[in-house]
Each structure stands twice: as C-alpha cells, then as structure tokens.
2 protein chains.
Amino acid sequence: MQDTKERIIELADRLIKTRGFNAFSYKDISDPLEIKNAAIHYYFPSKADLGIAVIEQEIEKLATNKLKWATLPEDKQLQLLFDTFNQKSKQGFVCLMGSLSPDYETLPAPMQEKVQQMSENVLEWTTLCLEHGRNRDLFHFDGEAYNRALLVISDLLASLLLSRVMGSEVFDKMSRQLLNDLL
Amino acid sequence: MQDTKERIIELADRLIKTRGFNAFSYKDISDPLEIKNAAIHYYFPSKADLGIAVIEQEIEKLATNKLKWATLPEDKQLQLLFDTFNQKSKQGFVCLMGSLSPDYETLPAPMQEKVQQMSENVLEWTTLCLEHGRNRDLFHFDGEAYNRALLVISDLLASLLLSRVMGSEVFDKMSRQLLNDLL
DNA sequence: AAAATTACTTACTTGTAGGTAAGTAAGCAA
DNA sequence: TTGCTTACTTACCTACAAGTAAGTAATTTT
C-alpha cells in the first residue's frame, strides 16, 4: 500500500509540469486517486514536502540516467537527453526547471534549495558531456563548455515553454537546429 | 486620476514578473496603492482583464521599440534587445513570456490569445532583425532566420529564469556567449 | 491476546481568493 | 439646481485553499 504515496508523487509531478506548483491543489490529487486530502497530508505534511519529493525524484532519475548512459559516446548521450525532452513535448509537459524557476520567489526555502541542487546537477552533467564530447571531436563549439551547457539547457527548457504557446513544431525546429550547431 | 489605473497595471506587471500570475492576489496590489480591492475590480472586472492589460502594454512597448530602433543597424538593434533583458535581470524580473508560458494551460482563453499574439510579435521582430542583419553581413549563423530567432529568444528568456536560481552571473555568461556566436 | 503501528477517513478550522451590490463624495453638464 | 458620470469605499458572499485533531479498521509486533 506504499503504492498510494508513489501515485501522489507521480500525479503531483504531472500537475507541476502541466499547471505549475501554485496552480494545483490537493483536490486535484485526491479526486482522481479517490482518497481524501488528509491522506495526502499523511504522507506529505505540507505542500512543500510534496514539492520536495517531486524534485528529489527528478534528481534521482537524472542520476540514474547519468549512470546508465555513462559508457555511451557523448553525442549519443546528448541525443538521449534531447529524447527525454521530446517525450515531454509530446505529452504537453514542461520540464521541472521550466515550471519551478518562474515561481522560484514564491517557493518555500527548502524547495528553493532543492531546485538549486537540481539545476546544478543538470548543468554539471551537461557541461561534462559537452566538454568530453568536444575533446573527442564529437562536438564543435566555441567558448567554455559550461557556458555552452547553459545555452543548450536553456534552449531545451524554453523549447517546451514556447511549444505550449506556439505549437509543437517549435520543439522540432529548435532541437534540429541546436544539434546541427553542435555536431 | 486615471493615474490609479496605470499604477495598478504597473504593479501587476511587476508581480507577474516576480511571482507569477497565479501567485499574486488583489491584496498585493490594493495594499501598497492604499486602495480597496473593489477599486481594482472597478477598472478590471476580472483578474483576466488585468492580465490582458499587462500583456497589451508589453505588446505596445515592443511596437514602440520596433519603430524607435528601425533605422539602426541590426547588430545595434539586437544589442538593445539584450539590454532590455539585462535590465530585467538586474531587477530580478523574468520576462512576460517566461512568466506566463509555464502557466499557459491555467490561463483564461482571452489571456492565452494575447500571450500567443505577444510571442508571434517577438518572434517576427527577431526573425527579421537576424535575417536582415545576416544579409548585411552583420550576423553569421547557419539555418533559417526563424529557427535562429527561436533559439535566441529562448536563450534570453531562460537566462532570466536560470539567473534567479543560479545567480546573476549566469545572465552575463549566456548573453556574452550568445553574441559571440552571432557576431 | 494485547499493544502498537500503518494507512487512512471524518469532520473540522482558518485564511484568503476573486468577485459583487449598494452606497457616496466630488465634479461636470444641461 | 438637478441630474449624470467618475472614481472609488463599505460591506459583504461564496468558494476553496492548506492544514489539523481525532477516530478507526486492518495489519504487525511482542
């Protein structure tokens, strides 16, 4: 029956990525799962606790992929990162950073820390991927790998935001151009 | 006394750019302006009406800049666009698109339309600027100007989001690298 | 068999959100 | 000077948000 807890996190994750942290309520979770709102408070005393659980899950997924992809050539690794964003795009989701960073000032401090941690992890991974890939001549770009990582992650994040507003073809155009630039 | 209306729009604009549309309330406006919440409803019957007024103001500012900058060389124009984002960065604001697009699904339909209109305007302007600038050999990039515009606007938008979370040096690093790539 | 723990529900509370109906003081218009 | 408009305020309402205290049925531990 630990199942309920995971379902709550999973739904909260979707709600954050579709509607935003401040725009969903416990009712949006308790109704579809056919539980009472107090059941959510049983597992997550405050909404911040639920938010933190969602971010931690994302950080874990990232760590898992990092390990799973570690032996692949860097261009393949980057392609797999793009694939995860493509999936989000098709589901109409934005990424967690894209959803939580605009609301950053309204988030409780412990959530802010987790968001920071998440952003550092993503940036670190992407920087190393680009740097090693360039060393092996798989990527071609000017400037420091960290700065390039900032731009790449920004483009991926914003492609999901713009796709929402301007249509899904935006994601395809952007990711194609981005890969063209790097390869 | 039409002053009050403009002050309401101005404050709403700030609140959207610092806390997000769903995270501010009429009290956040009525308290500092020392008016009652009903005074806001007098000018803007619903919160959506206020949101629309804010977006329309932004669209007008864009049109004004477009005219004001029309005679300058395209690299100067782009630099001025970057400057407006730099100002936002220093004030701790994100741009309107960066704030409203994550909440897009939760916005009332008339606001969604205005957000679309705004995004189209920005993209059109940036596309033409890049295209003409490349024709005059002021910019150097591969691919269609529209696709490049998507990437540039994405980077600017996301630079403000990431700066919030990771610190203001992120904006400088990104904008410097971005300009380096184009010039 | 008794005691404790788990996984919830029932039934609230408090706060605040957006929104409205009715009133009013000041200015302008006929 | 009477009436209309403007720019609000007063005083509400309803809905719903997050959160909590107390209870309970089922399982697990001792």
Side-chain angles (χ1 to χ4, degrees), chain A residues 1-55 99-100 102-112 114-115, chain B residues 1-55 99-100 102-112 114-115:
Chain A
M1 293 262 171
Q2 195 63 349
D3 210 58
T4 300
K5 190 177 180 181
E6 280 159 35
R7 276 195 236 172
I8 292 170
I9 296 176
E10 202 52 43
L11 229 186
D13 181 80
R14 270 147 109 109
L15 286 165
I16 291 174
K17 289 172 179 171
T18 50
R19 315 182 62 78
F21 186 72
N22 289 317
F24 85 87
S25 77
Y26 281 43
K27 204 166 181 280
D28 296 323
I29 292 174
S30 57
D31 276 0
L33 296 189
E34 288 173 300
I35 55 177
K36 302 296 160 181
N37 76 335
I40 308 174
H41 284 286
Y42 170 71
Y43 291 109
F44 306 100
S46 78
K47 201 181 174 184
D49 295 311
L50 177 52
I52 287 169
V54 169
I55 305 172
S99 176
L100 295 178
D103 296 342
Y104 190 73
E105 298 297 330
T106 74
L107 301 178
M111 273 191 75
Q112 292 186 338
K114 283 288 163 190
V115 172
Chain B
M1 291 266 168
Q2 193 63 346
D3 211 60
T4 300
K5 189 177 180 179
E6 280 159 36
R7 276 196 235 171
I8 292 170
I9 295 177
E10 203 50 44
L11 230 186
D13 181 80
R14 271 149 108 109
L15 286 165
I16 291 174
K17 288 171 180 170
T18 49
R19 314 180 65 76
F21 186 73
N22 290 318
F24 84 88
S25 76
Y26 280 44
K27 203 165 180 282
D28 296 323
I29 293 174
S30 57
D31 277 359
L33 296 189
E34 288 175 299
I35 56 177
K36 301 296 160 178
N37 76 336
I40 309 173
H41 284 286
Y42 170 70
Y43 292 109
F44 306 101
S46 78
K47 201 181 176 186
D49 295 312
L50 177 52
I52 287 169
V54 169
I55 305 173
S99 176
L100 295 178
D103 294 344
Y104 190 73
E105 298 296 329
T106 74
L107 301 177
M111 274 191 74
Q112 292 188 337
K114 283 287 163 191
V115 172

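These values consider heavy atoms only, across backbone and side chains, with no hydrogens, waters or symmetry-generated copies. What you see is a predicted model, and the numbers here were worked out from it, not measured in a lab. Per chain, numbering begins at 1; letters A, B, ... match sequence-line order.
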Got a second to check how far B:I8's CD1 is from B:L50's CG, nearest 0.5 Å?
7.5 Å

Quick one: does NZ or CZ of B:K36 land under 6.0 Å from the six-membered ring centre of B:Y42, within 45 degrees of the ring axis?
no

Under 3.5 Å, is there a donor on one side chain and an acceptor on the other for B:S46 and B:D49?
yes

Nucleotide D:dA7, atom P - distance to CD1 of B:I8 in whole Å
11 Å

For a quick test of reading the model: is some side-chain N or O of A:T4 closer than 4.0 Å to OP1 or OP2 of C:dA7?
no

Going from OG on A:S99 to CZ on A:R19, what distance comes out if it is rounded to the nearest 0.5 angstrom?
11.5 Å

So what does A:Y42 hit on the nucleic acid, given a heavy-atom distance under 4.0 Å: a base, only sugar-phosphate, or nothing?
base

Find the distance B:L33:CG to D:dA7:P and express it as a whole number of Å.
16 Å

For the pair made of NZ in A:K47 and P in D:dC16, what is the distance, rounded to whole Å?
15 Å

Can you check the A:N37 CG to C:dC12 P distance for me, whole Å?
14 Å

Establish, with yes or no, whether the OP1 or OP2 oxygen of D:dC16 is under 4.0 angstrom from a side-chain nitrogen or oxygen of A:S25.
no

What is the separation between atom NE2 on A:H41 and atom P on C:dT13, rounded to the nearest whole Å?
16 Å

Roughly how many Å is it from NZ in B:K36 to C1' in D:dT6, rounded to a whole number?
20 Å

From D:dA17, D:dA11, C:dC8, nucleotide with atom closest to B:A38 side chain:
D:dA11

Under 4.0 Å, counting only non-hydrogen atoms across every strand here, what does B:F24 touch: a base, just sugar-phosphate, or nothing?
sugar-phosphate

Gap between atoms CG and P, on A:N22 and C:dT16 respectively (whole Å)
15 Å

Using OP1 and OP2 only, check whether a side-chain N or O of B:Y26 sits under 4.0 Å from C:dG19.
yes

Any chance you could measure A:E34, atom CD, to A:T4, atom OG1, to the nearest 0.5 Å?
11.5 Å

Could you check how far CZ of A:F44 sits from C1' of C:dA7, rounded to whole Å?
14 Å

